[in-house]
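The next block holds one structure in the form of structure tokens; read it before the comments.
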2 protein chains.
Amino acid sequence: MNDRKEIEHPYLLFLGDAHDHLAAKTARGIVDWRSDWCLGQLRLDGCKTSVGIGDMTVAEAAEAGARALIVGVANRGGVIPENWVDTLLEALDQGMDLAAGLHMRLSDIPALRDKARALGRLLFDVRHPDRTFPLASGVKRLGKRLLTVGTDASVGKMYTTLVIERELRARGVEVDFRATGQTGIFIAGEGVSVDAVVADFISGATEWLTPANDPDHWDAIEGQGSLFHPSFAGVTLGLIHGAQPDAIVLCHEPSREHMRGLPDWPLPNLQECLAANLAAARLTNEAAFCAGIAINTSQYDEDEANRILNETSDSLSLPCVDPMRTGVSPIVDRLL
Amino acid sequence: MNDRKEIEHPYLLFLGDAHDHLAAKTARGIVDWRSDWCLGQLRLDGCKTSVGIGDMTVAEAAEAGARALIVGVANRGGVIPENWVDTLLEALDQGMDLAAGLHMRLSDIPALRDKARALGRLLFDVRHPDRTFPLASGVKRLGKRLLTVGTDASVGKMYTTLVIERELRARGVEVDFRATGQTGIFIAGEGVSVDAVVADFISGATEWLTPANDPDHWDAIEGQGSLFHPSFAGVTLGLIHGAQPDAIVLCHEPSREHMRGLPDWPLPNLQECLAANLAAARLTNEAAFCAGIAINTSQYDEDEANRILNETSDSLSLPCVDPMRTGVSPIVDRLL
């Protein structure tokens with residue numbers, strides 16, 4: 001990111017030659033949350049999916065005022081294949097910045113780097129923080145903060161955070177969504193991929209991302225990973241400490257049979273998971289509390305979903321919602 | 001590090017113009033643990049400390065067979081000042097590799113980089129892993145592992161680990177010291193600065209550093225930071241998960257009045273700290289146990305030190321030693 005400079009919108013969403021829906025997950029997330037920022041999608045020959053908005057050429061998008069082309073597709077290895085480059089060069093020529101969240105950097109491709117420099121365009125490689133951060137100070141900051149945490153990775157933390165942001169805004173509360181992952185950064189226009197910073201600075205980057213604010217202002221901070229995921233729980237702990245959350249919301253996906261990517265690894269018990277996250281949060285904010293549980297019930301019919309929500313709510317004595325199905329009112333009630 | 005290539009010894013220890021003892025802490029650590037690898041020290045004009053070995057010029061060290069010049073001095077900002085460069089160039093010319101653990105890289109100085117390349121010498125910037133690591137798999141590896149953990153940063157984890165390594169070796173056990181910080185890497189000749197890897201790969205780097213081994217082989221793994229330090233506990237948690245420790249040893253410095261660098265932050269209670277570390281360790285090794293407590297009593301006289309060790313041992317029902325004062329026999333007894 002270019003020293004906290006935002007990615008300007010509106011966007012042209014580049015789907016490349018995405019082979020399936022999952023490959024275009026990033027573009028879909030942007031359309032779900034910032035459809036008014038999205039002018040259209042650009043699909044190359046062989047693209048087998050759509051994110052449900054109109055197709056556009058680079059020239060049409062430029063004509064319509066596009067400020068950035070967003071690479072909304074992921075592929076194995078996270079590379080930028082040669083057959084994308086002409087389209088990306090054309091977008092630079094037509095006045096757009098470029099943004100991608102792949103392992104390979106846009107700026108690693110000399111043709112893109114040279115043209116962007118010559119034309120004064122920006123390349124945003126949002127998976128690679130291009131600034132350094134201070135060590136976390138632990139000093140309490142003004143303003144309120146909510147952080148989503150999870151029993152596992154990819155259980156709906158970003159969506160839950162965004163629904164809470166929307167509900168807070170609808171109630172007239174000053175709130176900012178703070179993005180900590182690639183799709184979130186495209187949705188916010190800025191943020192930090194906290195799993196990509198140097199390990200010593202996870203908490204420091206989070207403090208930087210969620211600075212002191214008005215006493216009644218809320219940061220709704222996107223969580224990452226899980227304290228119980230053996231591959232990257234360190235990121236989760238550093239994020240919790242840096243966020244100094246007043247409130248956490250625990251996200252869960254009950255149909256999951258094992259931790260993501262690890263077939264031998266069971267999910268943690270909800271009660272135990274909640275206790276561990278609260279204990280971690282209280283190191284930097286003694287008053288941290290749980291505002292509720294967010295359960296992704298998309299795998300269940302309505303009756304079964306309601307049964308799960310009610311049972312979980314009863315057993316933990318906390319509001320329990322499916323943000324996409326029931327909204328998050330009980331959680332926001334508890335926050336305010 | 002050059003793909004796990006070891007830093008070759010014997011060493012010439014470069015103290016530069018170190019202003020005080022603390023600035024030469026790294027060189028002192030190397031002399032304390034690998035004095036037989038150290039041919040001499042090289043001090044520039046203005047150097048106000050010594051690590052107690054003979055002074056040597058670059059030419060004398062080369063004559064005596066030095067394989068590497070180690071920058072054993074730290075300074076504010078972690079830079080390599082211009083007045084060091086001539087000496088470093090001379091060491092390259094005289095056949096030595098260079099190794100440093102500063103923020104600034106040896107390889108960032110064109111004169112050093114070019115000469116090293118021309119002569120086929122290696123530059124080891126041990127604070128900057130120059131390879132990537134896989135994500136941690138969590139898969140259990142053969143061999144035994146011990147990890148030191150702490151109530152705070154800089155409470156003696158590296159020294160404790162090295163005393164345990166020495167005691168295990170003295171009893172005929174196959175053991176390797178696994179270094180996770182800069183001084184440790186000079187002492188081991190290899191290792192990974194885990195606080196300097198990309199956040200997502202803390203545990204993966206630790207798994208790589210402590211690979212599967214013979215069933216009776218021990219890795220004695222240097223710990224980092226503390227689960228209770230709000231600046232960098234994420235590193236500690238990732239290290240614990242990746243280490244999959246069979247045994248942990250909790251290190252503590254009772255005279256400390258607050259967490260390192262954070263005057264408002266009290267140290268955790270020993271019992272609570274131990275429980276949190278064991279809980280974290282058991283995510284990746286259900287059988288993890290505490291082999292004992294290592295207390296740095298250097299601030300106390302012998303009577304007071306004994307009182308502290310006995311009281312702590314009684315209250316936690318665990319062996320409690322000062323590795324530098326009493327050795328670590330009771331801990332190693334419990335390990336074997």
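Reminder, nothing fancy here: chain letters follow the sequence lines and each chain counts from 1.
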Heavy-atom donor-acceptor pairs under 3.5 Å, chain A with chain B:
| residue | atom | partner | partner atom | Å |
| --- | --- | --- | --- | --- |
| A/A136 | O | B/S231 | OG | 2.6 |
| A/D195 | O | B/D200 | N | 3.0 |
| A/V197 | O | B/A199 | N | 2.8 |
| A/A199 | N | B/V197 | O | 2.8 |
| A/D200 | N | B/D195 | O | 3.0 |
| A/S231 | OG | B/A136 | O | 2.6 |

- Is the closest side-chain heavy-atom distance between B/I202 and A/I202 below 4.5 Å? yes
- Query: Non-hydrogen atoms of chain A under 4.5 Å away: do they reach the side chain of B/L227, the backbone, both or neither?
  - Reply: both
- Task: Please flag which part of B/L283 lies under 4.5 Å from any non-hydrogen atom of chain A: side chain, backbone, both or neither.
- Result: both
- Residues which pass side chain to side chain contact (heavy atoms under 4.5 Å, CB included) with B/L102, listed by chain and number, not counting sequence neighbours: B/V71, B/I80, B/W84
